[in-house]
Amino acid sequence: MTLREGPCGCPDETPTTAAPRATAGDTPPCACPGRSRRGRAWAELLRLPALFSVPGDALAGTAATGASPDTRTLLAIASSLCLYEAGMALNDWADRDVDAVERPHRPLPSGRIRPAAALTAACALTGAGLALAAGAGRPALAVAAPLAATVWAYDLGLKHTPAGPVAMGTARGLDLLLGAAATSGSTRPALPSAALLGAHTLAVTTVSRQEAQGGSPVPPLAALATTALLTRLVTRRSSGGPTGGRRPATGHRPAGLRADRFPGQDSGALLTTALTAAYAATTVRPYFHATLNPSPPLTQRAVGAGIRATIPLQAALTARSRGTATALLIAALAPLGARFAKKVSVT
């Protein structure tokens with residue numbers, strides 16, 4: 001038996017006695033089952049499709065300050081991606097014993113990834129995230145440090161306590177503030193947007209606590225009510241300026257002045273309403289079904305919908321801050337995330 005090399009450089013262990021006759025345009029197949037399985041395992045561990053829900057945090061924070069995205073915003077996004085993935089790897093490392101019972105197919109309990117490798121990845125990604133934040137400036141690092149601490153505290157101690165959902169909501173809010181701090185050096189204008197996004201994350205996390213075994217209809221019902229409240233709050237403030245509710249000083253507006261004299265404000269409000277409707281539409285039906293029947297499959301579907309709904313909510317928050325182009329860019333991430341979620345679960 002001879003070993004032939006596949007097109008990617010790995011050995012093809014197909015036994016041969018003579019080289020097969022090739023035809024024009026043929027490309028020899030590559031036998032890389034081991035490498036493919038390892039890549040798949042890491043994609044599952046890190047929940048790669050969920051990454052599409054991360055860039056919108058920094059972009060929404062930037063829009064809330066009235067600033068335009070720049071290189072420091074990109075550094076904040078890269079920092080967020082690293083810290084998010086650090087949390088994913090650390091989460092599975094900390095829960096490996098529980099997953100061995102409830103989710104034996106996960107990469108760690110199934111033996112496809114060693115626990116030490118997952119912990120090393122979490123440490124390396126955390127260090128990279130903090131370094132990238134430092135590159136964006138001291139204000140960004142001042143937000144990234146407590147964000148990283150919150151992620152580690154959640155995974156290692158708070159996850160299975162009543163403070164767990166609050167910690168997750170805080171982490172998502174801090175991630176939005178990271179974009180604001182990196183781009184403008186200030187976080188105060190972005191606090192309202194951070195609070196709204198954090199409330200959504202708190203609701204989703206509360207539902208996720210019973211996705212493995214099912215449970216009470218109260219968490220999905222509360223998440224449904226939270227969605228309705230956030231929808232109301234975002235659309236009610238959509239007529240505000242970059243600070244989320246305050247109009248720029250333009251002098252007295254004469255009574256009877258037609259709305260079409262302010263086309264920018266009108267288009268921003270319409271876009272905000274449309275994106276908020278998309279946010280609500282993504283979550284309402286799965287939350288309602290999980291309320292009627294809080295079984296593990298329906299609860300997991302509700303959690304997945306809640307994660308996907310983060311993107312249109314980020315876009316709506318950006319649009320209400322007059323970041324129209326950025327809001328459309330964030331919204332474009334939603335179908336990409338949904339497409340990849342069909343291949344790798346986000347929960």
Side-chain angles (χ1 to χ4, degrees), residues 3 5-14 29-54 77-133 144-145 147-161 164 167-168 171-172 175 204-205 208-213 296 299-300 303-304 307 337 340-347:
L3 295 180
E5 189 176 87
C8 69
C10 63
D12 182 357
E13 299 183 3
T14 305
C30 178
C32 318
R35 184 174 302 177
S36 176
R37 284 195 296 267
R38 286 193 297 271
R40 172 79 183 191
W42 279 100
E44 291 179 21
L45 178 75
L46 299 175
R47 277 65 149 202
L48 290 184
L51 283 180
F52 289 97
S53 72
V54 177
I77 292 174
S79 174
S80 297
L81 291 170
C82 288
L83 294 177
Y84 189 89
E85 291 293 47
M88 290 296 184
L90 186 64
N91 174 79
D92 278 23
W93 179 85
D95 281 357
R96 60 192 185 280
D97 293 334
V98 176
D99 286 344
V101 177
E102 297 181 351
R103 298 183 180 93
H105 62 280
R106 296 291 300 153
L108 295 188
S110 66
R112 289 177 290 156
I113 295 178
R114 292 181 297 109
L119 181 59
T120 300
C123 294
L125 287 166
T126 300
L130 293 175
L132 288 164
L147 171 57
T150 302
V151 169
W152 279 72
Y154 172 81
D155 284 334
L156 297 182
L158 299 178
K159 183 177 187 179
H160 301 293
T161 72
M168 277 296 290
R172 183 65 82 163
D175 202 35
V204 177
T205 306
S208 72
R209 291 162 71 90
Q210 59 181 35
E211 65 178 338
Q213 298 178 344
T299 301
Q300 291 168 11
V303 173
I307 295 174
F340 283 96
K342 294 178 180 179
K343 300 179 180 180
V344 179
S345 174
V346 297
T347 62

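Along the sequence shown, residues carry numbers from 1. All figures in this text were calculated on a predicted structure; none of them were measured in a lab.
For the atom pair OG of Ser110 and CZ of Arg37, the computed distance is 11.5 Å after rounding to the nearest 0.5 Å. Note: Leu81 CG to Leu51 CG = 5.5 Å, rounded to the nearest 0.5 Å. Rounding to the nearest 0.5 Å places CZ of Arg40 at 10.0 Å from CG of Leu48. One finds the OG1 atom of Thr161 at 6.5 Å from the CZ atom of Arg209 (value rounded to the nearest 0.5 Å). Taken to the nearest 0.5 Å, the CH2 atom of Trp152 stands 14.0 Å off from the CG atom of Leu158. Taking CD1 of Ile113 as the start and CG of Asp92 as the end, the distance is 8.5 Å to the nearest 0.5 Å.
Looking at Leu125 and Leu83, their side chains never come closer than 4.5 Å, going by heavy atoms from C-beta outward. Side-chain contact between Ser208 and Thr205 is present, with at least one heavy-atom pair separated by less than 4.5 Å. In this structure, the side chains of Ser53 and Arg47 stay at 4.5 Å or more apart for every pair of heavy atoms. Residues Asp99 and Leu108 form no side-chain contact, since every pair of their non-hydrogen atoms from C-beta on lies 4.5 Å or further apart. Within the 4.5 Å cutoff, side-chain heavy atoms of Leu156 are placed close to those of Trp93. Met168 has its side chain out of reach of Thr150: every pair of non-hydrogen atoms, C-beta onward, lies at least 4.5 Å apart.
Pairing each heavy atom of Leu147 with each of Ala171, the nearest pair is CD1-O, 3.2 Å. Across all non-hydrogen atoms, the minimal contact from Ser79 to Gly129 is OG-O, 2.7 Å. Looking at every heavy atom in both residues, Ala94 comes nearest to Asp155 through CB-O, 3.4 Å. Considering every non-hydrogen atom in both Asp95 and His160, the closest pair reads OD1-NE2, 3.4 Å. Across every non-hydrogen atom of Ala50 and Tyr84, the tightest pair is CB-OH, 3.4 Å. In this structure, Val54 and Ser80 approach most closely via the heavy-atom pair CG1-CB, 3.5 Å.
Judged by the 6.0 Å and 45° rule, Arg38 forms no cation-pi pair with Trp42.
The backbone N or O of His105 lies less than 3.5 Å from a partner atom in the side chain of Arg112, making a donor-acceptor pair.
When each of Arg114, Glu44, Arg96 is checked for a side-chain contact (heavy atoms from CB on, under 4.5 Å) with Pro107, only Glu44 meets the rule.
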